[in-house]
Amino acid sequence: MKLFFSFWGLLSVLSLQFFCCEPNQEAKSPGDIMIGGLFPIHESVSKTGQCDRFSVARLAQSLMMVHAVEEINRSGELGNITLGFHIMDSCADVTTALRNTLSFMKMNPNGTDCQHSPRPPVTAVIGDYYSEISIAVTRHLNLEQIPQISYGATSGLLSDKTRFPSFLRTVPQDDHQAFAIVEILKKNNWTWVGVVATDGEYGRYAVERLRHHAAKNSICFAYINFLPEFLVDVSLNDSIAETVKNITDREKVSVIVSFAKPDHMKSIFNNLLENDKGKHKVWLASDNWSQAADCLDMKTWSLNDVGTVFGITLKSGDTSKFKRFLRNLDEDSDLCQNNPFLSDFLKRSPKASFQSKIEELANMSYPYAAFSIELAVRAIAATVKDLCVDKQCNISTLQPETFRDALKSAKFSMEGKKYSFNDYSDVDSGYDLILWRSSSQNTVDMSYSIGRFDIETKRLYISNVIDQITGVSSKCSTCYPGQMKVTNKGFPVCCYGCRNCSKNEYSNTTDSAQCYKCDENTEYSDEGSSSCKKRLDLFLKWGDPYHITLLAFTSLGAMLTLTVDVIFLARWNTPVVRSSVGPICIVLLFSLLCTFGSVPLFGARPSDEKCRARQVFFGLSFTLSVSCILVKSFKIILAFEFDPVTQDVLKKVYKPPAIIALCMAGQAVVCTVWLSYKAPQKASEPLDEKRLWFCNENSYPAFGAMLAYIGLLAILGFVLAFKGRKLPQCYNDAKFITFSMLIYFIAWIIFGPVYKNVKGEYHPAVEMVVIVISAYAILFCQFLIKCYIILFKQEKNTEAAFRQEVREFSYGSDRDVEGNRPDGVQNAALSLESLPLESLPLESLPSPESFQPLSDRRRSTNTDTQPFFPVSNAQPALPSSVLSLRKKPLQRFSSLPT
């Protein structure tokens, strides 16, 4: 870079020596303060060194400066001070620009004498449009500290005030433009784009800043093509061909960012549109060519062939005043006669009328140029006012350095808004975004603004019209919803692989960087899903056929329990009820009713309250049932135990209320510890598309302890009942207790492995079935036959029937060898039968062994002569035990449990 600037410094000296006396075209107007103007009125220099490719748009821009100067002078805001102008043509060439810049400096000669009669220098220079030229010119002007204000040079290099202290501009630097372009790309999710730029200071810096901002937003470049700066470069055609090939070969690249010059774009379009693969692209045009209508040859191609063109332009101004200025020009006016650039333009087409040529100029009046050029003139006018109107100054001795320093701190306004230069001598005016449209005259209309970019807030404001290209995709890779991006090593970040989201994960956007987890409590998703689906709640619902069946049996059991209860209460004083230990039976029926009532708590949607209540309610109610059975079994043993010592011990232990209370207290302790330590609570588990709701027992040892406690009481009752299984049929509930406990044991033994292995919504139904079976077993075995006798065999529900059955049980099949009962036994039985039921002396009945048939006793004792009772020929003698019964009637026999 240092070598580059040294080269231009040497070139400026050579220009001074060899070209200082050559005449050049210039447009001048006298004034107290002279303003230089440098415009690329010609766009190139031929091989012979002549300026060619006349630009009507650049001529219009030079006239904008003339118009702005005349407006300032007419306004009188500078008092008696007038502004003059001296306009030169840079021909878009650095060498030509440096040579013509000498006219603005003290070293500029007049006539053929290069050392005498120096002309007054200009106070400031407006121009040039291109950054490459401005970099060279400002270094040249800085030799005399003449300030330069560019209206189009946007390279960020010029913001370096150490190297370019005399350079100012009324436009922002290209870093902001690159940021705005990236915002457009990001907004439309264009991540794989092409870049075309002119190989110069402007293009190189713009591409570098574009890379910088694009990398932060994961935007990649499929290709970057630089075109030679000079149109006469022999490699230009090869560079154009390579650019066209890149555009046509990269079919996934639908968006191209271009920082090229207008003539370069014209060559690209003429070659690109010949190939169908090069048509219908989206172009993002920089301020370099965004308003260059002649880029597209509308005689050959249409805008529809090109595709969509978005233009980033410098802030636009109002061109209506300037267009009126042009239309008010007279062909014989001083401006038309004394401005060689304008006069040459008017003479170019003799057949065209003066007004048509003026209209051509008006049509080429770019709004951004009108704003930037007029703003530069107003900045100079504000500085003159600060130095020489508000204060006293000697214009003839006003030094450029003084003017430059005042210019940097000047405050100026335009169209009602105030402006000033920032610390980098730039005006951050912002950008406008335009959309190219076809007009009715088969031309391109570039005046349609669709948005703007605010530099201060760094925000892009864009209208809804951009939605017309929302379907355009420009991406190296695309991962669709349900997938996530996977980086491939060795490839650009924009070229990546795709992987389906795992089960219960999703992604709902294109090119998602990650998959998001569904809320597994309520949602699920299949592999590769773009959204989560609502899980169906799974539990034993009220309407489920199995649940309905279980509830029907439960209701039936509860109704049967209530029915039995009513029957027993209605026949309370009958022998069947009295022999069944009536009060204990009522408690047993109540416990069975509670057991049936616990069953519905196991179904429907679980809740913390239901989960805690169901096991506790069942545990306590069924413990009460088993406790009542245990008391009844105990009563049987006590009633038919005739050993005095054993009987006294059993009498002391046998306290039904205390036994039941003690049994219930043990279960209550187990349940209390369970609820206090780890209480059951509702829980859920994902099962594919459903969510299973269940009660988590939390502490299976506590759950097992509750069931084991019931089982322990049941085993004890079973053992006691088994011992009394051979009592009289009317009093013998022992066999039915034994049978009901066997059913209980079988049901709960099967329950364990089934409960462990069954999963899903029917898991609670397993325990429900076992509870119903256990309750039915007790209800049927304990009360079914009794209810049958009470209702349908009333002849057996009498005291006489009970005496007869006891007598038959006492005699059994004991007969002598001739088949006759012994007279003593017969007389004893008759005596027992004649006693009232309430006073039947059961304490003196023989021991359980003596209730065995006599034949069995004879076999066991090997005697056939010993009778059951003593026999007398005169008067039957009762055994002493039976005789004692008359003195001590037994009241407990009538209350003997089954």
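Just so you know, these numbers come straight off a predicted model, no measurement behind them.
Using a distance-only test at 3.5 Å, with no hydrogens or angles considered, a donor-acceptor pair links the side chain of S507 to the main chain of Q483. Without hydrogens or angle criteria, D565 side chain to T561 main chain gives no donor-acceptor distance under 3.5 Å. Looking at N698, its side chain does come within 3.5 Å of a backbone N or O of A679 through a donor-acceptor pair. Side chain of N696 to backbone of Q681: no donor-acceptor contact under 3.5 angstrom is found. A distance-only check finds a donor-acceptor pair linking the side chain of S525 to the backbone of E505 [under 3.5 Å]. Within the 3.5 Å criterion, the main-chain N or O of L540 finds no donor-acceptor partner in the side chain of Y546. Listed for the S676 side chain is no donor-acceptor partner under 3.5 Å among the backbone atoms of V673. Remark: side-chain polar atoms of H763 are paired, donor with acceptor, to backbone N or O of Y755 under 3.5 angstrom. A donor-acceptor distance shorter than 3.5 angstrom exists from the side chain of K610 to the backbone of R605, with no hydrogens or angles considered. Between the R571 side chain and the V566 main chain, no donor and acceptor come within less than 3.5 Å of each other.
Going from atom OG1 of T738 over to atom CG of L742 covers 7.0 Å, rounded to the nearest 0.5 Å. Residue D544 holds its CG atom at 12.0 Å from CH2 of W542, rounded to the nearest 0.5 Å. Expressed to the nearest 0.5 Å, how far OG of S684 lies from CD of E520 amounts to 10.0 Å. The distance from the OG atom of S740 to the CZ atom of F745 is 9.0 Å, given to the nearest 0.5 Å. Going from atom CE of M741 over to atom CG of L713 covers 10.0 Å, rounded to the nearest 0.5 Å. If you take CG on D608 and CZ on R612, they are separated by 5.0 Å, rounding to the nearest 0.5 Å.
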Inset, instruction - For V599 and F618, run side-chain contact (heavy atoms from CB on, under 4.5 Å): C-alpha distance rounded to whole Å, both residues' side-chain angles, the deciding distance at 0.1 Å, then the answer. - result: CA-CA 8 Å; V599 173; F618 160 68; over 6 Å; no
Legend entry - F751 vs L707, side-chain contact (heavy atoms from CB on, under 4.5 Å): CA-CA, chis, key distance, verdict: CA-CA 11 Å; F751 164 78; L707 297 180; 4.0 Å; yes
Inset, instruction - Decide yes or no on salt bridge (Lys or Arg N to Asp or Glu O under 4.0 Å) for R614 and E697, but give the supporting numbers first. - result: CA-CA 11 Å; R614 65 176 194 169; E697 310 301 349; 2.9 Å; yes
Inset, instruction - Using the side-chain contact (heavy atoms from CB on, under 4.5 Å) rule, take S621 and T595 through it: C-alpha gap first, then chi angles, then the decisive distance, then the call. - result: CA-CA 5 Å; S621 62; T595 301; 3.3 Å; yes
Inset, instruction - Kindly indicate, with the supporting measurements, whether the criterion side-chain contact (heavy atoms from CB on, under 4.5 Å) is fulfilled by Y506 and K517. - result: CA-CA 6 Å; Y506 75 100; K517 287 187 175 295; over 6 Å; no
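Closest of all the heavy-atom pairs between W572 and P583 is CH2-N, 3.5 Å. Nearest approach of A765 to L550, heavy atoms of both residues: CB-CD1, 3.8 Å. Across all non-hydrogen atoms, the minimal contact from P680 to L675 is CD-CD2, 4.0 Å. The shortest non-hydrogen separation linking E523 to R535 is O-NE, 2.7 Å. A pairwise comparison of heavy atoms in Y709 and G666 identifies OH-CA, 3.4 Å as the closest pair. The heavy-atom pair separating A714 from V626 by the smallest distance is N-CG1, 3.4 Å.
Side-chain contact between Q615 and L601: absent, with no pair of heavy atoms (C-beta onward) separated by less than 4.5 Å. Using a 4.5 Å heavy-atom threshold, the side chains of L720 and I737 count as separate. At least one side-chain heavy atom of P600 sits under 4.5 Å from a side-chain heavy atom of L551. Side-chain contact between K786 and F568 is present, with at least one heavy-atom pair separated by less than 4.5 Å. For the pair S699/W674, a side-chain contact is recorded, criterion being any heavy-atom separation below 4.5 Å from C-beta on. Residues V616 and C671 have side chains in contact (heavy-atom distance under 4.5 Å, counting atoms from C-beta outward). Here the side chains of K534 and T522 are in contact, with some heavy-atom distance below 4.5 Å. Looking at heavy atoms from C-beta onward, V564 lies in side-chain contact with L779 at the 4.5 angstrom threshold.
For F622 and Y744, the gap between ring centers is short of 6.0 Å. You'll find the ring centres of F596 and Y776 inside the 6.0 Å limit.
One side chain, W748 or S774, offers a donor N or O that lies under 3.5 Å from an acceptor on the other.
Y700 and F703 have perpendicular rings, their planes meeting at more than 60° on a 0 to 90° scale where under 30° would count as parallel.
The 12-atom threshold is not exceeded at CZ of F553, counting heavy atoms of other residues, nucleotides or ligands nearer than 6.0 Å.
Annotation: cation-pi geometry satisfied between K541 and F539 (NZ/CZ under 6.0 angstrom from ring centroid, within 45° of ring axis).
Listed by chain and residue number, nothing satisfies the side chain to side chain donor-acceptor pair (under 3.5 Å) test with S529 (two or more places apart in sequence, or in another chain). For M664, the side-chain contact (heavy atoms from CB on, under 4.5 Å) partners two or more places apart in sequence, or in a different chain, are L620, T623, L624, I660.
In this structure, cysteines C501 and C515 have SG atoms closer than 2.5 angstrom.
Sorted by first and then second residue, the disulfide (SG to SG under 2.5 Å) pairs with a member in residues 737-776 form an empty list; sequence neighbours excluded.
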